[in-house]
Amino acid sequence: MKYQAPKGVSEYFPPRSYAFEKVKESLLAPIRRAGYKLVELPVFEETELFTRGVGASTDVVTKEMYTFEDRGGRSITLRPEGTVGALRCIIEHGLDRGALPVKVFYSGQYFRAERPQAGRYRQFYQVGLEAIGSEDPALDAEVIAIADAGYRAIGLTKYRLEITSLGDRQSRAAHKVDLMKYIDGLTLDESTRARADINPLRLFDDKREEIRAMMTDAPILLDYLSEESASHFASVQKYLQDMKINFSINERLVRGLDYYTGTTFEFVHEMLGAQSAIGGGGRYDGLMQEIGGQPLTGIGFGLGIDRALLAAEAEGVVNAEDFGVDLFIIPLGDAAKTQTMILSQELRNSGHRIEIVFGDRPLKSAMKLADKNGARYVLIIGDSEIESGMVEIKEMSTGRATSISLTSLVATLAQESWTL
Ligand code: AMP
């Protein structure tokens with residue numbers, strides 16, 4: 001019998017998994033540097049958390065959740081996104097009872113039963129953060145800047161940042177009246193109308209060409225912002241400009257989850273075709289309360305690791321070859337094997353990446369393996385090297401060989417940091 005991974009899941013194995021790791025770490029580093037703290041969360045939650053939190057009008061909730069009954073008869077759902085689970089944790093453990101904002105981050109797998117295609121999977125990976133309890137527009141700019149720094153750290157340049165404001169309750173109420181009037185005049189099928197009744201903004205997000213065409217003259221939320229929302233949004237833009245973060249305003253930007261209010265943003269990569277959103281997020285007033293917490297505002301993002309990796313590959317900025325070991329040691333004979341074991345242990349303890357050859361591989365095949373594994377340097381130890389106490393280290397890219405005494409090897413390599 002031959003097993004295959006379930007349809008539409010993304011999985012990573014060598015050599016590509018190295019690039020995946022690099023992308024993930026690049027996205028995480030700026031988050032940690034800004035003082036956000038890790039939360040490690042369950043991949044499944046009570047279904048109701050998502051229906052309440054993510055929003056009943058969204059595709060995610062209506063069509064895409066992996067929901068099942070557990071053995072105790074409870075309805076359980078594999079997390080389709082990260083925010084509501086993080087907030088549930090914050091509320092449950094009272095993390096929002098201390099100094100605000102609470103700043104947390106996380107990463108892992110998320111699950112949506114979507115139609116699989118390039119860049120769209122049923123299990124995918126995200127890095128995310130949430131900051132709860134501060135309305136300061138500087139926080140919005142910080143959150144956006146952190147995501148931007150992550151993409152820069154990967155080496156991406158061919159992406160753009162789109163932002164908008166979805167306003168506060170007052171702005172949305174005023175807009176909703178006119179938008180509903182506009183939508184009432186459209187000829188819509190039943191399910192689309194039902195979606196519009198729950199959240200009319202959804203129609204801006206509809207992928208069907210005919211709906212897009214119908215919505216071209218619809219009233220735009222940005223024109224209805226309350227004074228407070230407008231000035232908040234202006235401050236966010238000012239901070240971004242001062243931080244030299246390029247952005248454009250996309251007044252039709254609606255995100256796939258219902259909870260967003262105020263500043264909303266998306267990073268879009270030029271080279272990814274249909275699934276071009278590499279990350280996004282925004283502010284959410286009311287979500288904490290919706291799922292049983294204090295009335296605190298929050299802001300967060302979710303960055304798709306799979307798509308950031310595809311973007312990095314499209315731009316040619318991550319190479320699996322860059323992830324080889326520093327030194328590949330090839331022992332010839334039993335005495336050399338023992339020496340190799342000791343040496344690799346010492347060198348690994350001093351932080352170097354060392355691989356050794358196992359079994360009785362002929363030298364030629366061992367050299368091939370070193371090359372295949374992307375080793376930067378190769379060291380061959382045989383009886384004569386042990387006797388003379390001198391070894392040769394060969395740089396794989398140039399073929400240059402350098403003689404070093406075995407006793408000083410560890411110290412030399414540490415000092416020289418591999419530029420022999
Ligand atoms: P969202 O939670 O929908 O705002 O998604 C945030 C980011 O996660 C998106 O910008 C994508 O990069 C990524 N993402 C969302 N859904 C998928 C999916 N089905 N497959 C791969 N990446 C996804």
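Counting convention: from 1, in listed order, for ligands and their atoms alike.
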Item to check | Pairwise distance CD1(Ile305) to CD(Gln109) - rounded to 0.5 angstrom | outcome: 9.0 Å
Next on the checklist: Looking at every non-hydrogen atom in both residues, tell me the closest pair between Phe111 and Val43 and how far apart they are.
Outcome noted: CE1-CB, 4.0 Å
Next on the checklist: Could you tell me, atom by atom, which parts of ligand 1 come under 4.0 Å of a heavy atom of Gly304?
Outcome noted: 7 (C), 8 (O), 12 (O), 13 (C)
Item to check | Heavy-atom nearest neighbour of atom 8 (O) of ligand 1 within options Gln126, Glu114, Gln275 | outcome: Gln126
Next on the checklist: So for ligand 1, is Tyr260 a polar contact partner (N or O within less than 3.5 Å, distance only)?
Outcome noted: no
Checklist outcome for this item: Contacts satisfying salt bridge (Lys or Arg N to Asp or Glu O under 4.0 Å) that involve residues 300-312 (not counting sequence neighbours) are none
Checklist entry - Considering distance alone, does some N or O of Ala277 sit under 3.5 Å from an N or O of ligand 1? => result yes
Checklist entry - Is the shortest N/O to N/O distance between Arg112 and ligand 1 below 3.5 Å? => result yes
Checklist entry - Does Phe301 have its ring centroid less than 6.0 Å away from the ring centroid of Phe267? => result no
Item to check | Min side-chain heavy-atom separation Lys37-Lys103 under 4.5 Å | outcome: no
Checklist entry - Hey, is ligand 1 close enough to Asp306 that some N/O pair sits below 3.5 Å? => result no
Checklist entry - Does the side chain of Asp178 reach to within under 4.5 Å of the side chain of Tyr224, using non-hydrogen atoms? => result yes
Checklist entry - Quick one: which ligand 1 atoms are inside 4.0 Å of a heavy atom on Gly279? => result 10 (O), 12 (O)
Checklist entry - Can you name the nearest heavy-atom pair linking Leu221 to Leu166, along with the distance? => result CD2-O, 3.1 Å
Item to check | Numbered atoms and elements of ligand 1 in range of Arg120, under 4.0 angstrom, heavy atoms | outcome: 19 (N), 20 (N)
Next on the checklist: Counting only nitrogen or oxygen atoms and a 3.5 angstrom limit, does Tyr121 reach ligand 1?
Outcome noted: yes
Checklist entry - Should Ile278 be counted as touching ligand 1, given the test is an N or O pair under 3.5 Å? => result yes
Checklist outcome for this item: ligand 1 to Gly119, heavy atom cutoff 4.0 Å, flagged ligand atoms 20 (N), 21 (C), 22 (N)
Next on the checklist: According to salt bridge (charged side-chain N to carboxylate O under 4.0 Å, His left out), who are the partners of Arg152, at least two apart in sequence or on a separate chain?
Outcome noted: Asp148
